[in-house]
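Comments concern the structure below.
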Amino acid sequence: SSLRCSDCENLDKSDRNKHGEAYCPVDRKYVALDSYTCGEFQANFYIITAYCILNKLPFNCEIMTKLLGVRNTYMKNNEEGQEFLEEYEFMGPILAEDLLNDMYRTDVVKELESDYINPMIAFTNEERFEDVQSTFIKMVEKLKIRYGYQENNDKTKRL
């Protein structure tokens with residue numbers, strides 16, 4: 001992951017130890033600002049993690065828990081989901097970092113919430129896991145377009 005502890009809104013940057021590390025209330029310890037995100041960071045859901053950071057939601061919130069459940073029980077167990085997760089392992093951190101650094105991230109987050117995240121949670125509640133998967137894939141494609149990435153010979157490159 002390219003997300004660092006310094007990107008996390010949970011980190012208390014005003015509470016530093018003698019080594020310059022900041023206090024992480026999630027892990028309940030001091031961490032270096034350039035450390036990779038904490039143990040609560042969930043691999044393969046980078047965009048949802050960035051969404052939680054930007055909305056100051058804990059990493060164990062309902063959104064993260066439900067979507068990770070779909071990833072682990074549905075997406076990892078079907079061909080389309082597996083193929084998506086393989087690419088997402090590469091693209092997820094890039095898109096999450098772009099989202100965190102987007103000067104219009106507040107608007108982007110609102111759009112993600114209304115167009116993708118809220119529907120995915122509703123689909124999860126209705127056990128419509130195929131719809132969760134297809135909505136997540138559409139969200140990632142939307143972000144790839146927003147941040148100027150295109151497919152080219154099995155490698156994703158910046159336009």
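The basis for the numbers below is simple: all heavy atoms, side chains too, and nothing from hydrogens, waters or symmetry mates.
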Is the CD atom of Glu126 crowded by more than 12 outside heavy atoms at less than 6.0 Å?
->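 Yes, enclosed.
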
Does Lys66 NZ have over 12 foreign heavy atoms under 6.0 Å away?
->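 Atom NZ in Lys66 is packed in, count exceeds 12.
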
Rounded to the nearest 0.5 Å, what's the gap from [atom1] on [X] to [atom2] on [Y]? Could you check?
{"X": "Leu95", "Y": "Lys144", "atom1": "CG", "atom2": "NZ", "value": "7.5 Å"}
{"X": "Leu67", "Y": "Ile47", "atom1": "CG", "atom2": "CD1", "value": "11.5 Å"}
{"X": "Leu57", "Y": "Thr49", "atom1": "CG", "atom2": "OG1", "value": "11.0 Å"}
{"X": "Leu68", "Y": "Ile48", "atom1": "CG", "atom2": "CD1", "value": "9.0 Å"}
{"X": "Met139", "Y": "Leu112", "atom1": "CE", "atom2": "CG", "value": "6.0 Å"}
{"X": "Phe90", "Y": "Leu85", "atom1": "CZ", "atom2": "CG", "value": "15.5 Å"}

Hey, does the side chain of [X] reach the backbone of [Y] with a donor-acceptor pair shorter than 3.5 angstrom?
{"X": "Asn17", "Y": "His19", "result": "yes"}
{"X": "Arg16", "Y": "Ala22", "result": "no"}
{"X": "Asp102", "Y": "Asp98", "result": "no"}

A side-chain contact here means heavy atoms from C-beta on lying under 4.5 Å apart; do [X] and [Y] qualify?
{"X": "Ile94", "Y": "Tyr149", "answer": "yes"}
{"X": "Cys52", "Y": "Pro58", "answer": "no"}
{"X": "Tyr46", "Y": "Glu89", "answer": "yes"}
{"X": "Glu80", "Y": "Ile137", "answer": "yes"}
{"X": "Glu83", "Y": "Glu79", "answer": "yes"}
{"X": "Thr73", "Y": "Phe129", "answer": "no"}
{"X": "Gln133", "Y": "Val70", "answer": "no"}
{"X": "Glu97", "Y": "Leu99", "answer": "no"}

Residues 114-123, side-chain donor-acceptor partners within the protein, below 3.5 Å, at least two apart:
from: Ser114; atom 1: OG; to: Lys110; atom 2: O; distance (Å): 3.3
from: Ser114; atom 1: OG; to: Glu111; atom 2: O; distance (Å): 3.3
from: Asn118; atom 1: ND2; to: Glu113; atom 2: O; distance (Å): 3.4

Partner residues of Asp15 under the side chain to side chain contact (heavy atoms under 4.5 Å, CB included) criterion, sequence neighbours left out =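 With sequence neighbours excluded, Asp15 shows a side chain to side chain contact (heavy atoms under 4.5 Å, CB included) to Asp12, Tyr23, Tyr30, given in chain and number order.
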
How would you list, by chain and number, every residue that makes a side chain to side chain contact (heavy atoms under 4.5 Å, CB included) with Gln82, sequence neighbours excluded?
->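 For Gln82, no residue satisfies side chain to side chain contact (heavy atoms under 4.5 Å, CB included) once neighbours in sequence are set aside.
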
Trace of the side chain to side chain contact (heavy atoms under 4.5 Å, CB included) decision for Glu21 with Val31 | CA-CA 5 Å; Glu21 298 170 318; Val31 297; 5.6 Å; no

Under 4.0 Å between a Lys/Arg side-chain N and an Asp/Glu carboxylate O for Arg128 and Asp131?
->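 Asp131 and Arg128: salt-bridged.
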
Do Lys142 and Ile145 pass the side chain to side chain contact (heavy atoms under 4.5 Å, CB included) test, and can you show the C-alpha distance, the side-chain angles, and the key distance before you say yes or no?
-> CA-CA 5 Å; Lys142 172 91 172 190; Ile145 292 167; 5.9 Å; no

Pair Glu130-Asn78, side chain to side chain donor-acceptor pair (under 3.5 Å): steps then yes or no = CA-CA 10 Å; Glu130 185 174 337; Asn78 72 75; over 6 Å; no

According to the interplanar angle, ranging from 0 to 90°, do the rings of Tyr88 and Phe136 count as parallel (below 30°), tilted (30 to 60°) or perpendicular (above 60°)?
->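 Geometry flag for Phe136 against Tyr88: perpendicular rings.
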
